[in-house]
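Each chain gets a letter, A, B and so on, in the order the sequences are listed, and its residues count up from 1. Hydrogens, waters and symmetry mates are skipped; everything else that's a heavy atom, side chains included, is used.
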Amino acid sequence: MSLAERHIPDRLTNPLQRALKSWEALLLVVAVTVFIINSLSSPYFLDAWNLSDATFNFTEKAMIAFAMALLIISGEIDLSVASIIALASTAMGAAVQFGAGTTEIVLIGLLVGLICGAFNGGLVTVLGLPSIVVTIGTMSLFRGISYIVLGDQAYGGYPRSFAFFGQGYVWWVISFEIVLFFVLAAAFWVLLHKTNFGRSVYAIGNNPTAALFSGIRVQRVKFILFMLTGLMAGVAAVCLTSRLGSTRPSIAVGWELEVVTMVVLGGINILGGSGSIPGVVIAAFVMGMVTFGFGLLNVPGIVMSIFIGLLLIGVIALPRLWSMFIARRG
Amino acid sequence: MEQSPDPVISLSSITKTFPGVKALSEVQLDLYPGQVTALVGENGAGKSTIVKILTGIYQPNGGAILVDGQEIQFPTAHHASDAGITAIHQETVLFDELSVAENIFIGHTPRGRFGLLDTAEMNRQAQSLLDGIGAQIDPTVRLRDLGIANKHLVAIARALSIDARVVIMDEPTAALSHKEIAELYELVEKLKAQGKAILFISHKFDEIFRIADRYTVFRDGQFVADGLISEVGEADLVQMMVGRSVEQIFPERKPTVGNEVLKIEDYAHPTEFEDIGFSLKRGEILGFYGLVGAGRSEFMQALFGITRPSSGTCRIDGEEKTIRSPADAIANGIVYVPEDRGKQGAVIGLPIFQNVTLPSLGKTSRNGFIRMAKEYGLAREYTSRLDLRAASLDQDVGTLSGGNQQKVVIAKWLATQPKVIILDEPTKGIDIGSKAAVHEFMSELAAQGLAVIMVSSEIPEVLGMSDRVIVMREGRMVAELEGEDLTPETLVRNAAGIEKA
Amino acid sequence: EGAQEAAEELGNVEIIYTGPTDTTAEGQIEVINALIAQRVDAIAVSANDTDALVPVLQRAMDRGITVISWDSGVAEEGRELHLNPSSNPLIGNMIVQLAAEHLPDGGDVAVLSATTTSTNQNIWIEEMTAVLPNYPGINVVGTVYGNDLADDSYREAIGLMQSHPDLRAIIAPTSVGIVAAAQAVADAGMIGQVNVTGLGLPSEMAGHIDSGASQSFAIWNPIDLGYAATMLAYNLSTDVAEAEPGASVPMGRMGELVLDETNSGAMADPFVYDASNVHDFADIF
Amino acid sequence: MVKQLTSARETILFAAILAILVLVTTRFPGFIAPGNLIDVFNDTSPLIILALGQMAVILTRCIDLSVAANLALTGMIVATLNSVNPDLPIVFIPILAVLIGAALGAINGILVWKLEIPPIVVTLGTMTIFRGIIFVISDGNWINAHEMSPAFTALPRAIFLGLPVLSWFAIVIMVASYVVITRTPLGRAFFAVGGNPHAAVYTGISIGKTQFAAFVLSGALAGLTGYLWVARYAVAYVDIAGGFELEVVAACVIGGISIAGGVGSVGGAILGAIFLGIVKNALPVVNISPFWQLAISGSAIIIAVAFNAQSSRTKGRVILKKAEHAT
Ligand SMILES: Nc1ncnc2c1ncn2[C@@H]1O[C@H](COP(=O)(O)OP(=O)(O)OP(=O)(O)O)[C@@H](O)[C@H]1O
Ligand SMILES: Nc1ncnc2c1ncn2[C@@H]1O[C@H](COP(=O)(O)OP(=O)(O)OP(=O)(O)O)[C@@H](O)[C@H]1O
Ligand SMILES: [Mg+2]
Ligand SMILES: [Mg+2]
């Protein structure tokens, strides 16, 4: 055997080159373009308070999107997140009726989110059911429980201090929510990209069997991811409830699809296995800016959604069309 | 060569590139009617790639395919089969949820009234095809209910269901038992007699010399030589393949057996195996022989914590341990190199270095946080020890050839520094050069005091490597052979359940 | 249309008419945020949710924007005044009266509402329940919700007829529900036996009046409503009037809006449509 | 063997449906009157038609979340056409609806086939785009009963041999689906592509083309349902059938069609749809508070799926002779 050392380099392309060609770079270009178009088309766009108000369009959804990104990378999905918000919010409202203070309310919101996540996770990992189906079921179930509890009523009367989470400002125009958004973005970035846990999420998403054969506790990791997603839905429920100051069972209807759209736009492979947190962060800004920009032009929401749909397909389709075009010419 | 007829099919200057890899570079290949051409080459030489080009699955980047002297193109698999080319592929490419007959005829099912599919006719034809190759399979059962060997027979029947002039067999014997291999040889003779051109790909030299008329050698995606088998010797062929001579296939070993590391008693499973017990010492290589489907893999997977045994005890270094998951097994120093590399071994989609460090993340991280430099270091150490061939360590394992993927999987386990390593068919589908490396490595591991369990269906490998052999049949241990008793005859007799004459 | 009419009359007013993607409070908040950002002078909102809009509307008022709600109201602290198309007790009374008129001997009546959270629906049903004792013989057997979706409302209406064989009338105080219920009655072959009534638009109901599925229904004039809301918003933001209990705020050709202790007032009485007049209005709204 | 497994799954579902019927009957005997059962079937027909289209898509490992939006858009287009041009012969309307729906489905199919964008992403996108287009076409306005021609609204409710035409549409499509799925190369290709896409390429089946065909089929059926829906409820607006796509997917999954592709049967899809249809129709009849409905149907989906998974769990291979006889 010729042991003339065959040297294998660590990398062929350097990381910077790779970053420039990445999905995140493309998204960043989209984000900057949207920002420029917005500031040119409306005189109201470049205003600190207005921009601050605009962040509420996406912060809560993005918090869930971070956890959902991990879940989707691992090859699962949770369509019940919006319903978890409804149930968590209902539980918080009920707690208020029993005289709970702000701390208790928040804890109850988070706990209910965690329990709902564990319920989904249990059905998926213990009974081995496909998550897309399980969470279509729990999507009806969780919101259904809110309807049973509340019916046509609403819970209100949240304590004044509770309003801080959704309406408070940390400094000048910097709201509590946007700070929380960045803190969570950083935390999820570390979790996914810098820890063993994150690595096992990728391994599971690419090949669950081989991951299991490599000693990764696949079911446990998935269970934790479902709980994490539930917990983040709980966090979003706290913020949203605080921002609305009241709870109705119809709270956050349709958010699950917006969250998934955000995740996919962020470059997370819906089939699992790849994607990054910075992508999701940029996608959140793009979606927030687009809706706010259209809002300033008084475009009806439904027309706005055409654009979001086109963006979702276009951002994936254009690079592929481009490379097909190049291939045909070359 | 002058007296041979014109080739049925002739490939010239075929080039095929994948992103970052030139799999084939200007290779040529000719197939003659009524003759078997063996295509040999190391792992990653491009054998399967040329098969896929011939069957319309890949499109070449350059070169020409000539059928009867006419240039032709195969944009899809249909075009190739219309041109009379059929193949048994290296991977079993079948449909678990469809019936055997549907698998055989999918794509060209007989039609009945109104152009609708004629199921009865299809089942009849399937039955006669299966009978023709001596397979006792009911064409109406669902494929998922068949064992792996039978699946392979279905794949062969499928290839024969097309009335072809060219039959390609990419490692057809890898999953078959002796009896089935013998029947396959008969089949090849029959096809030859019908004047079909046959391309035969195998890493087993005894096979090649037994059935091939011609040979073509590829090395690293390039054409090296071709000619008549009768005019070359085994050593020449190996020399052409690896570009060097490989003298001795099994390393000489002086086993220095230490104290007992693993003791298994009464392992049983409700449906797969029962009454399994043995002990294993440091520095020992224990072979597991049996026909395919004897339940060896099932037992090994139970030992590794993938499935749970219904009863039995496992002692490691004298201490009783309960292994509930692969993570437990790894923690206790037992690791398993699975048989199904693509599904259970490599995490395709992740780069090589991440595959290698996956079970050792505890070592390359601090408090759960990853340290890249350590990861690359560990990956480099073990992949270079196995002489991996890759462009870079952050390349996706999916872009490696089968043999090189296997090396990554073995490297992954060695990096955990285990006490007991279980290798399930470690050289299945690996070329002769890498095979020797794996064997050498195995004996090195044993010499370093590691206990090795090797599951193998190849008698020379079992005999050449093992200190002791356990034979399994139908989920039970039927013999434990050592020293004098260890002969090809005793192995086959016990595995097949033939009474002593 | 009515808002445009008012804008033309006033001359110096620009109307921005917009709405969210879907009918949720969160969507409306995004729209209101965009309006605040454009520093509009006044926002007139018909709310999807009584309470949820309060914080954002308070922020609008903090930034000097006049906020009124109309049709479907916002809780008191979230707006300066609320314009009811008609007084709630009047509507509650009207819808049951429409049913009773055609049931001289009394009988079973059911309510088909929109969603469980629609503020106005719930108030009307409450008011209706309050005046029920004045209609002896009228027996309300249940309330179901069609979620303002044609198919759900249709299915609920069919369900009502099945589970209450003696049902004589369906009251649907929602324009989606009344159409779906009328269609369901027609399809079930119950015309003449079950009368559909409630609140609907002449353009949508004309066919069902003709078929007899509905004898009569009521509605206010939506053009007047848009006109009045615009006038009120204008008058408040130009400080022509103050919104306080007991005050009256002018609303152009619609007269004046007299505010009660919750700062809300009613525009006009609902108008009843039947076979005699429905076609005169079907082309207008 | 194939028959045994599928029929076992379907039998359980069938038993569940019977159990619900019995339960409802104890509280409301009129529910199982033949006339009422016909009504329930008729009411479930759109779901059955859509579930059969969705089944083809799911078999090929895709999912079509745009069916409800396709339905609404096609419905709006044919209703607009009818109101503008009431003299257009009625026979053209369903044909036109099928063509429009198929064209919309083809958009999904092309994106999946040619650009290889994951189907869930494609249909999530087209779902919002289609709804948006309805708004643009209609300017947010409704098309009401009196704007449609009498023939337009009468067709689905016309009675033929004791059944409404809407039901007949469903029955014809059930039979046609059965033939296509079990007896044509296309049907076989659906299973092949979903069961093992890699192997499908090796047998000369184009994955992309087969998926394209499934999307076109699903789109065509959604388009047809669009007309039937609009005509039946005599109204067309932006939000019709909002959220119905999830119900369609749920029907398929309850019917034992594996979301992972390659496994399922026409009978399963139909029973799954009927199961949901009966639950939906029974709840208002037995006077369960409307606030309970959502939770009950959610639980039903979870229980049905758990049941299904349990009954189809593979035993694995049996090596021991002893065990072979025991099973
Ligand atoms: N789809 C692919 N993408 C990228 N590279 C590929 C792909 N398929 C094959 N290759 C590369 O092409 C080369 C030839 O591979 P091929 O599978 O033809 O080898 P082989 O001779 O059949 O080897 P083995 O004996 O291991 O089966 C290898 O270097 C492999 O990494
Ligand atoms: N019908 C089947 N369906 C799926 N996988 C199968 C089937 N039959 C066999 N296999 C897989 O093929 C492999 C070989 O089967 P088995 O374990 O029975 O044989 P063995 O005695 O280990 O022989 P060998 O290791 O030589 O193949 C196992 O990994 C098993 O999981
Ligand atoms: Mg190969
Ligand atoms: Mg094995």
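No hydrogens or angles considered: a donor-acceptor pair under 3.5 Å links the side chains of A/T59 and A/E177. Side-chain polar atoms of B/K412 and A/S214 form a donor-acceptor pair below 3.5 angstrom.
When heavy atoms are compared at a cutoff of 4.5 Å, B/R380 approaches chain A solely by way of its side chain, counted from C-beta outward. There is no contact between B/A329 and chain A, counting heavy-atom distances below 4.5 Å. With a threshold of 4.5 angstrom between heavy atoms, B/L350 approaches chain A through its backbone and through its side chain. Looking at A/L212, the atoms closer than 4.5 Å to chain B (heavy atoms on both sides) sit in the backbone and in the side chain alike. Heavy-atom distances place no part of B/N367 under 4.5 Å from chain A, backbone and side chain included. Only the backbone of B/I348 comes within contact range of chain A, with at least one heavy atom under 4.5 Å from a heavy atom of that chain. Using a 4.5 Å cut-off between heavy atoms, B/Y376 touches chain A through its side chain atoms alone.
Side chain of A/E76 to main chain of A/I72: no donor-acceptor pair is present (N/O by atom type, distance under 3.5 Å, no hydrogens or angles). Not a single donor-acceptor pair under 3.5 Å links the side chain of B/N404 to the backbone N or O of B/L400.
With chain A as partner, the option from B/L361, B/N355, B/I352 having the largest number of non-hydrogen pairs under 4.5 angstrom is B/L361. Chain A forms more heavy-atom pairs under 4.5 Å with one residue of B/I370, B/T416, B/I306 than with any other, namely B/I370. The residue among B/A327, B/S360, B/G362 with the most heavy atom pairs within less than 4.5 Å of chain A is B/A327. When A/T195, A/V190, A/T209 are compared by the number of non-hydrogen pairs under 4.5 Å with chain B, A/T195 comes out ahead. Taking chain A as the reference chain and counting heavy-atom pairs below 4.5 Å, the highest number among B/S392, B/P351, B/P326, B/A379 is found for B/S392.
The shortest side-chain heavy-atom distance between B/T357 and A/R199 falls under the 4.5 Å cut-off.
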>> Walk me through whether A/M287 and A/K61 qualify under side-chain contact (heavy atoms from CB on, under 4.5 Å).
In response: CA-CA 10 Å; A/M287 279 179 71; A/K61 288 168 199 158; over 6 Å; no
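Judged by a 6.0 Å distance limit and a 45° cone about the ring axis, A/K222 is not positioned over the six-membered ring of A/F226.
Residues B/V409 and B/P338 share a closest heavy-atom pair of CG1-CD, 4.1 Å.
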